[in-house]
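What follows is a single structure, written as structure tokens, with notes after it.
Counting from 1, the numbers follow the sequence of the chain as shown.
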Amino acid sequence: MADKNDESEKQGVLLYYKYTHSPIADLDHLYTFYESNCSSLGLLGRVRIAPQGVNVTVGGKLSSLGSHIDALLQVKNGLFHGTDFKLASCDEPLNDEVAKECGFTSLSIRIVKELVTLSSNPLLKSPPISNAGKHLSAAEFHSVLQSAGELPNDFKRVVLLDARNMYETRIGKFEPPDVETLDPATRQYSDLPAWIDSNAEKLRGNCILMYCTGGIRCEMASAYIRSKGAGFENVFQLFGGIQRYLEQFPDGGFFKGRNFVYDPRNSSSIQKENAQYVCELCEHGKVALSVPPVNDDSSEIECDTGVGSSKKLRILCLHGFRQNASGFKGRTAALAKKLKSLAELVFVNAPHELPFIYHPTKQHNSCISTPLQSNPPPSRCNKKYAWLVARRSFGKKADEWEKTVTPFDPLQYQQQTEGFDESLSYLKSVFSTQGPFDGILGFSQGAAMVAHICAQRGKLDLGLDFRFVILCSGFPINLAGHERGSINCPSLHVFGNDKGGDRQISSNSSRDLASYFEDGCRMIIEHASGHIIPTQSPYIEEVREFLRRFI
């Protein structure tokens, strides 16, 4: 009898999710059920209810968790029949610090729009969950990994995709010897679609095996991959996630390391060995707690960055033709000031140095009118740069001077099409040394460069990881081979309207550029202020609104 009582007093953690075939009719009724049931049983944790189902992580006595499962199976219409309930016992009670970190100090029940947010941009529609990849049991998943080289040639090869974030893959992941493994190294789940878009060719035509901690993230991510059409049909996901796999293969099988959250070897040992660690992704090296939130798949780790509950977005800014980082930073000082609570703007020079241009005149008091000379220009002349250049000027050095007697040509940008590969290679190094960046802002030719990068992300592995773009006074370059609406990247287009007086880039050119981006994930702001980025109301509020979607 004593042993039975001891067993009933043991603590445990229960995780489960359930997607429904049709929307739940009465969300309030389900909310009331959870509030009453969990409170009466003394369960603490998180409950998320959406029209398409539920996602739950709760902790308490094992006996109470068992009673909770029994009550769920009695719910009207058999809503929870067939649900995969993952229950893990805790050999030791959680101390106050760990309980706080894992969300077990209170009961949080919320009605939300969707169980898992695939993208942080609400303009992007989530794919239908009915299109998710086929479930494989732990044994089936193991068998495919084991015999990957012997499978039929209906696809190129087997690839393994980890749908978790880099905090989780740091401590454990699958390492089958004969299967290519893809680790997106994302900071949060909502970054995964952009990675999939940028690495589509690594997935196309292959047998794609996906896994995550408990299974729910693979549901939406596999549906997103399959929504890309031909070549992306063969997507399979590990049913029950790593947790079920380790139950089937207690020695770990092909999984090496620890399972984030659920592995009993994980949270207790880390808590004892190292109570705190420095998050390597936090720019200022702030201290983050060692045990992340327990709920498997619907939330991300939040590090203490010292700036309140919201982190600042980092945005790489690309200047226009014949400009430089210093000048562009000065021109956008008002913009940076009005966005300082939301974003940090980072400015870089383009890689192509341009020759200095002068008009012969009688004046000699400025470098623009200095006579043609072979010596380098005076130091007071700031160098000018470009992302794209005309063929005739490609490769010229900045200390060369060019004489021109022609007036300003508003259509000169149409001839500036060379040098993309060099600029792309340069930006890869910028991302590597100064990143990560959440988004890219491009002005004029900088916007044309960014748009061309977005167009190539779905075809090539560019090595640039960003979540959105802001294209100001942009125009299309080298997009003739792309269909309208084919660029799938959240975008904000800011340009002068027909009466805006933009002498450099016509409003029609900027509208033309916007048309290449998918209609469901783009915003357009037209203003009457010419060739600038407006910072007055109401335009700045619309820019802020766009950025808040990514925080």
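Distance alone, capped at 3.5 Å, places no donor-acceptor pair between the Asn199 side chain and the Lys202 backbone. No donor-acceptor distance shorter than 3.5 angstrom exists from the side chain of Asn206 to the backbone of Ile208, with no hydrogens or angles considered. Between the side chain of Gln456 and the backbone N or O of Ile453, no donor-acceptor pair lies under 3.5 Å. Distance alone, capped at 3.5 Å, is enough to place a donor-acceptor pair between the Ser227 side chain and the Tyr224 backbone. Here the side chain of Ser198 pairs a donor or acceptor atom with the backbone of Ala194 at under 3.5 angstrom. No donor-acceptor pair closer than 3.5 Å links the side chain of Lys173 to the backbone N or O of Lys256. Asn324 contributes a side-chain N or O that, together with a main-chain N or O of Lys383, makes up a donor-acceptor pair within less than 3.5 Å. With Thr169 contributing its side chain and Met166 its backbone, the two residues share a donor-acceptor pair below 3.5 Å.
You'll find the side chain of Leu424 stays beyond 4.5 Å of the side chain of Glu422, heavy atoms only. Taking 4.5 Å as the limit, some side-chain heavy atom of Lys329 sits within range of a side-chain heavy atom of Phe347. Taking 4.5 Å as the limit, some side-chain heavy atom of Arg467 sits within range of a side-chain heavy atom of Asp191. Looking at Arg322 and Tyr385, their side chains never come closer than 4.5 Å, going by heavy atoms from C-beta outward. Using a 4.5 Å heavy-atom threshold, the side chains of Val543 and Ile533 count as separate. The closest side-chain heavy-atom distance from Glu418 to Leu388 is not below 4.5 Å. Between Cys521 and Asn488 there is a side-chain heavy-atom pair separated by less than 4.5 Å. At a threshold of 4.5 Å between non-hydrogen side-chain atoms, the residues Leu547 and Leu492 do not count as touching.
You'll find the ring centres of His452 and Phe420 inside the 6.0 Å limit. Between His527 and Phe495, the distance from one ring center to the other does not fall under 6.0 angstrom. Aromatic pair Phe466/Phe437: centroids not less than 6.0 angstrom apart.
Ser509 and Ser506 share a side-chain donor-acceptor pair at under 3.5 Å. At a cut-off of 3.5 Å, with distance as the only test, a side-chain donor of Asp162 or Tyr211 sits close to an acceptor on the other residue. Looking at Ser491 and Glu518, their side chains never bring a donor and an acceptor atom within 3.5 Å of each other. Residues Ser108 and Arg48 bring a donor and an acceptor atom of their side chains to less than 3.5 Å of each other.
Judged as a salt bridge (charged side-chain N to carboxylate O under 4.0 Å, His left out), and not counting sequence neighbours, Arg331 has no contacts. Evaluation of the side-chain hydrogen bond (donor to acceptor under 3.5 Å, both in side chains) rule for Thr433 yields no partner, not counting sequence neighbours.
Summarising the geometry, atom OG belonging to Ser341 is positioned 6.5 Å from atom CZ belonging to Arg544; distances are rounded to the nearest 0.5 Å. The CD1 atom of Ile315 lies 10.5 Å from the CD1 atom of Ile440; values are rounded to the nearest 0.5 Å. Interatomic distance, Leu203 CG to Leu161 CG, rounded to the nearest 0.5 Å: 6.5 Å. To the nearest 0.5 Å, the span separating CE on Met210 from OG on Ser222 amounts to 6.0 Å. One distance of note links CG of Leu115 with CZ of Arg217; it measures 13.5 Å at 0.5 Å rounding. Interatomic distance, Lys338 NZ to Tyr539 OH, rounded to the nearest 0.5 Å: 12.5 Å.
Taking the charged nitrogens against the carboxylate oxygens, Lys384 and Glu353 have no contact shorter than 4.0 Å, which rules out a salt bridge. In this structure, Arg314 pairs ionically with Glu344, as a charged nitrogen and a carboxylate oxygen lie closer than 4.0 Å. Using a 4.0 Å cut-off between charged side-chain N and carboxylate O, Arg511 and Glu526 make a salt bridge. Contact check on Asp197 versus Lys228 returns a salt bridge, with a Lys/Arg side-chain nitrogen under 4.0 Å from an Asp/Glu carboxylate oxygen.
Among all heavy-atom pairs drawn from Phe431 and Asp465, the shortest one is CE2-O, 3.5 Å. Contact detail for Gln237 and Ala132: the closest heavy-atom pair is OE1-CB, 4.0 Å. Here the shortest heavy-atom pairing between Ile532 and Ser529 reads CG1-O, 3.4 Å. Closest non-hydrogen pair, Ala451 versus Leu513, comes out as CB-CD1, 3.4 Å. Here the closest non-hydrogen pair linking Tyr426 and Val348 is OH-CB, 3.7 Å. Considering all non-hydrogen atoms of both residues, Ala200 and Phe232 come closest at O-CE2, 3.5 Å.
Between Trp387 and His319, the angle of the ring planes lies from 30° to 60°, which puts this pair in the tilted group.
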*Show your working on side-chain contact (heavy atoms from CB on, under 4.5 Å) between Leu318 and Phe328 and close with a plain yes or no.*
CA-CA 8 Å; Leu318 308 190; Phe328 190 40; over 6 Å; no

_Please determine whether side-chain contact (heavy atoms from CB on, under 4.5 Å) holds for the pair Val389 and Leu354, giving the CA-CA distance in whole Å, both sets of side-chain angles, and the decisive distance to 0.1 Å._
CA-CA 9 Å; Val389 295; Leu354 297 175; 3.8 Å; yes

*Output, in order, the C-alpha distance, side-chain angles, deciding distance and verdict of side chain to side chain donor-acceptor pair (under 3.5 Å) for Asn497 and Ser507.*
CA-CA 5 Å; Asn497 57 28; Ser507 57; over 6 Å; no

*Can you list the steps and then say if Leu464 with Lys428 is a side-chain contact (heavy atoms from CB on, under 4.5 Å)?*
CA-CA 6 Å; Leu464 301 180; Lys428 287 181 180 180; 4.0 Å; yes

*Please assess Ser444 against Gln323 for the test side chain to side chain donor-acceptor pair (under 3.5 Å), listing each intermediate value before the final yes or no.*
CA-CA 10 Å; Ser444 196; Gln323 296 181 354; over 6 Å; no

*asked:* Determine whether Phe443 and Ile505 satisfy the following criterion, side-chain contact (heavy atoms from CB on, under 4.5 Å), listing intermediate values before the conclusion.
replied: CA-CA 11 Å; Phe443 177 72; Ile505 307 298; over 6 Å; no

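At least one cation-pi condition fails for Arg522 and Phe517: the charged atom is not both under 6.0 angstrom from the six-membered ring centre and inside a 45 degree cone around its axis.
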